[in-house]
Every structure is written in C-alpha cells, then in structure tokens.
There are 2 protein chains.
Amino acid sequence: MTLNVIDGTAPSLKPLDAQVQVFKTLTHPARIAILNLLRDGEHCVCHMEAFLGFRQAYISQQLAVLREAGLIQDRRDGWNIYYRVTNPQIYVVLDAASQLTGQPTAGTAKPETTCPCPHCNPKE
Amino acid sequence: MTLNVIDGTAPSLKPLDAQVQVFKTLTHPARIAILNLLRDGEHCVCHMEAFLGFRQAYISQQLAVLREAGLIQDRRDGWNIYYRVTNPQIYVVLDAASQLTGQPTAGTAKPETTCPCPHCNPKE
DNA sequence: TAATCATATTCATGACTTTGAATGTGATTG
DNA sequence: CAATCACATTCAAAGTCATGAATATGATTA
C-alpha cells in the first residue's frame with residue numbers, strides 16, 4: 001500500500017482509529033439489532049436466536065465481533081452464556097444516529113417467539 | 001447471497017439500514033477528519049488539501065462518499081467549491097463515539113500550512 | 001466417560017471497499 | 001476559443017468483510 005499523503009505535514013489520523021473501530025462494528029444491521037436487544041439488560045444467546053430469528057452460528061459470529069470490539073461482555077452460567085453491553089454510552093451513539101436519519105430508535109420488533117432457556121422458563 | 005434467517009419470524013432489519021449507512025460513512029479516519037474540519041463552518045477543497053495533507057484527488061473521493069451519504073453539501077463560488085455539513089447532528093454521533101472510546105474529540109491537529117484560495121488570502 | 005446441550009471457531013467463497021493513477025469537466029481569464 | 005485553475009470521475013488491483021457449512025469446545029448429566 002503506497003502512501004496517500006503528500007508529505008510529513010499531515011496530521012496523524014491515528015487518534016481517529018478508535019472511533020473508526022466503533023463505527024465499523026456498528027456497520028451491520030444484525031449487530032445493531034443485538035445491541036438494541038440488550039438495552040433492557042443481559043440476555044443469553046438462545047434469546048437472541050429466538051427474538052432475532054438468526055441461526056445460532058450466525059448470532060455467535062456477530063457476538064464475537066461485538067465482543068472483540070469490547071462493546072459487550074459475556075458471563076457463563078451453567079449451560080448458558082449471557083451477554084451484556086460493556087458501556088451504555090454505546091446507546092448514545094446509536095440514538096444520535098437514529099436521530100440523524102430520522103428513523104425510529106426501534107429495530108427490535110420482537111416477535112412472539114419464546115426463548116427456551118431456563119432463565120425464561122423457570123422451573124415449569 | 002443466501003439467506004441467513006431461519007424463517008419468516010425474524011424482525012425486518014431494514015429500518016436499521018439508515019443507521020448502518022451513516023456508520024459506514026464514518027468508517028474512515030480521513031472522512032472523520034474532514035467532518036471535524038468542517039466543525040467551524042464551510043471550507044473549500046484546497047483548504048482540506050492544505051490542512052489534512054492529502055492529495056486533491058483523494059480528498060475529492062472522500063468528499064464524494066460524504067456527499068453521496070448526504071452528510072455534506074457543496075456550493076460553487078467561481079473556481080472554488082465550498083463544503084459544509086448538512087446536519088450538525090452528525091457531531092453528536094462523532095462526539096458520542098469519542099466519549100465512548102475515551103479519545104479526545106480532536107483529530108484536527110491543524111498544521112501551519114496555509115490554504116492558497118482567495119477566500120483565505122483576500123486581495124494580497 | 002459417554003452423551004447432550006449451548007455456544008464458539010474455522011474455513012472457504014463471494015461480495016464489497018479502498019486508493020493511486022490517469023483522465024475528464026466546468027468556470028474563468030486573456 | 002485556448003489556456004488555466006479547482007475539482008470530479010473512472011478504473012483496476014489489492015485488501016477487507018460477510019456468511020453458510022462444518023466442526024470444535026466446555027459445562028452438565030447419566
């Protein structure tokens with residue numbers, strides 16, 4: 001990759017990379033939907049599977065991206081792994097963008113599907 | 001592209017595409033730097049060339065991306081074309097992201113380079 | 001320890017993005 | 001209209017991302 005700057009006078013753009021990293025992670029509807037789902041607290045993967053309608057492996061892949069970006073954290077509880085956002089400030093970013101686009105903050109139109117995890121079905 | 005959804009119960013992720021579009025546009029340090037440069041009002045392309053240190057064609061390409069995304073608008077005045085942000089709400093998005101990453105809002109470390117445009121050098 | 005459950009990782013392919021180089025265009029001046 | 005200035009567009013090679021399919025892992029139970 002050759003350089004695209006004229007000379008050494010260009011300001012370093014490196015400080016912007018952290019922001020870029022965040023935006024890159026948000027560049028995907030499924031990942032935004034996952035974050036929206038986590039607005040009301042932690043959820044297990046099976047939850048997201050049920051509510052978002054994606055296959056397990058797919059959800060897991062997107063969760064990995066969010067996790068590696070540091071936006072979410074996981075906690076294992078027996079068979080299930082629960083995810084939560086690391087810093088709610090991420091919602092300020094998301095909400096600012098929906099404002100900008102004039103779109104509703106939605107995106108989490110939950111279907112009636114139910115999650116089979118024991119957390120949702122305590123001792124039936 | 002094959003489908004990644006299990007069935008028809010998945011919520012439509014289409015409403016999120018507008019947000020995704022914004023984030024995609026911000027997924028680039030040069031474009032963020034340009035937007036930061038426009039915080040204090042409109043600037044011509046030669047300005048950005050001088051202050052950011054990129055070649056004209058490169059700046060122009062990034063401006064095209066920002067323009068097509070609707071984030072900036074242009075105005076021609078004789079030889080020069082001046083750009084300005086369409087909606088200052090974009091800075092809420094940017095600032096929220098810098099907050100999240102703990103980075104300073106900076107990125108616009110202006111060098112002493114000067115812009116040759118008549119706007120900056122009125123009748124010398 | 002074997003089976004099972006919930007979730008993660010790897011891999012390969014196709015789609016999209018980036019960016020330098022070359023070239024095109026519209027406004028202005030002579 | 002020819003030259004020039006400021007800027008835009010096109011193109012192609014290289015890189016990055018998306019995603020289905022297959023497989024692996026770690027916890028739990030029998």
Side-chain angles (χ1 to χ4, degrees), chain A residues 1-6 10 13 17 20-21 23-34 42-50 52-69 72-84 115-121, chain B residues 1-6 10 13 16-17 20-21 23-34 42-50 52-69 72-83 115-121:
Chain A
M1 181 176 64
T2 33
L3 227 36
N4 38 5
V5 272
I6 296 175
L13 263 41
D17 285 347
V20 165
Q21 167 65 16
F23 293 135
K24 273 192 179 160
T25 310
L26 299 179
T27 299
H28 202 291
R31 292 198 286 265
I32 296 184
I34 289 176
E42 67 175 14
H43 285 297
C44 62
V45 178
C46 57
H47 226 99
M48 311 186 200
E49 243 183 293
L52 296 178
F54 293 109
R55 301 209 193 99
Q56 178 271 317
Y58 187 75
I59 295 268
S60 190
Q61 284 173 336
Q62 306 305 336
L63 286 173
V65 176
L66 289 165
R67 193 172 359 103
E68 279 153 24
I72 59 177
Q73 293 182 323
D74 55 341
R75 170 181 77 83
R76 179 180 273 273
D77 183 8
W79 277 342
N80 303 284
I81 296 182
Y82 293 88
Y83 279 92
R84 64 184 179 284
C115 169
C117 83
H119 220 242
C120 297
N121 306 284
Chain B
M1 182 176 65
T2 33
L3 225 37
N4 38 5
V5 271
I6 296 177
L13 263 41
L16 299 175
D17 285 348
V20 165
Q21 168 65 15
F23 293 135
K24 272 193 180 161
T25 310
L26 299 180
T27 298
H28 202 290
R31 293 199 284 266
I32 295 183
I34 289 175
E42 69 175 12
H43 284 296
C44 61
V45 178
C46 57
H47 227 98
M48 310 186 202
E49 244 181 294
L52 296 178
F54 294 108
R55 302 208 191 98
Q56 178 272 317
Y58 186 77
I59 295 269
S60 188
Q61 283 174 336
Q62 305 306 336
L63 285 172
V65 175
L66 289 165
R67 189 168 7 97
E68 280 154 23
I72 59 176
Q73 292 182 324
D74 56 340
R75 170 181 76 83
R76 179 181 275 272
D77 183 8
W79 278 343
N80 302 286
I81 295 182
Y82 293 88
Y83 279 93
C115 169
C117 84
H119 220 242
C120 297
N121 306 285

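Quick note on labels: first sequence line is chain A, next is B, and so on, each numbered from 1. This one's a predicted model, so the numbers in the text were calculated from it and none came from an experiment.
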How long is the line joining CD of A:Gln21 and C1' of D:dT16, in whole Å? 13 Å

Rounded to the Å, how far apart are A:Lys24 NZ and C:dC16 P? 18 Å

Residues 61-68 of chain A, side-chain donor-acceptor partners within the protein, below 3.5 Å, at least two apart:
| from | atom 1 | to | atom 2 | distance (Å) |
| --- | --- | --- | --- | --- |
| A:Gln62 | OE1 | A:Arg31 | NH1 | 2.8 |
| A:Arg67 | NE | A:Tyr83 | OH | 3.3 |

Below 4.0 angstrom from OP1 or OP2 of D:dA8, is there any side-chain N or O of B:Tyr83? yes

Ignoring backbone atoms, test whether A:Arg31 places a side-chain nitrogen or oxygen under 4.0 Å from the OP1 or OP2 oxygen of D:dA18. yes

Protein-nucleotide distance (A:Ile59, atom CD1; D:dG20, atom P), rounded to Å: 12 Å

What residues, two or more places apart in sequence or in another chain, satisfy side chain to side chain contact (heavy atoms under 4.5 Å, CB included) together with A:Thr27? B:Val20, B:Phe23, B:Lys24, B:Thr27

The criterion is side chain to side chain contact (heavy atoms under 4.5 Å, CB included); which residues satisfy it with A:Ala57, sequence neighbours excluded? none

State whether B:Arg55 places a side-chain N or O below 4.0 Å from either non-bridging phosphate oxygen (OP1 or OP2) of C:dT19. no

In whole Å, I'd like the distance from the CG atom of B:Asp17 to the P atom of C:dC16. 14 Å

Taking only the side-chain nitrogens and oxygens of A:Asn80, find out if one of them lies under 4.0 Å from OP1 or OP2 of C:dT7. yes

Any N/O donor-acceptor pair, A:Gln61 side-chain to C:dT7 base, under 3.5 Å: no

Quick one, B:Ser60 with B:Val45, criterion side chain to side chain contact (heavy atoms under 4.5 Å, CB included). Give me CA distance, side-chain angles, the key distance, then yes/no. CA-CA 8 Å; B:Ser60 188; B:Val45 178; 5.6 Å; no

Per-nucleotide protein contact string for nucleotides 22-30 of chain D, where B marks a base within reach and S marks sugar-phosphate only (heavy atoms under 4.0 Å, - for neither): B----BS--

D:dT19 phosphate, OP1 or OP2, under 4.0 Å from A:His28 side-chain N/O: yes

Could you walk me through whether A:Arg75 and A:Glu42 pass the salt bridge (Lys or Arg N to Asp or Glu O under 4.0 Å) test, one step at a time? CA-CA 9 Å; A:Arg75 170 181 77 83; A:Glu42 67 175 14; 2.5 Å; yes

What pairs with A:Gln73 under side-chain hydrogen bond (donor to acceptor under 3.5 Å, both in side chains), at least two apart in sequence or on another chain? A:Arg84

Report for the helix from C:dT1-D:dA30 to C:dG30-D:dC1: angle between first-end and last-end helix axes, five pairs each, rounded to 10 degrees. 10°

What is the distance, to the nearest angstrom, from the NE2 atom on A:His43 to the P atom on C:dT7? 13 Å

Expressed as a whole number of angstroms, how long is the span from B:Glu68:CD to C:dT18:C1'? 14 Å

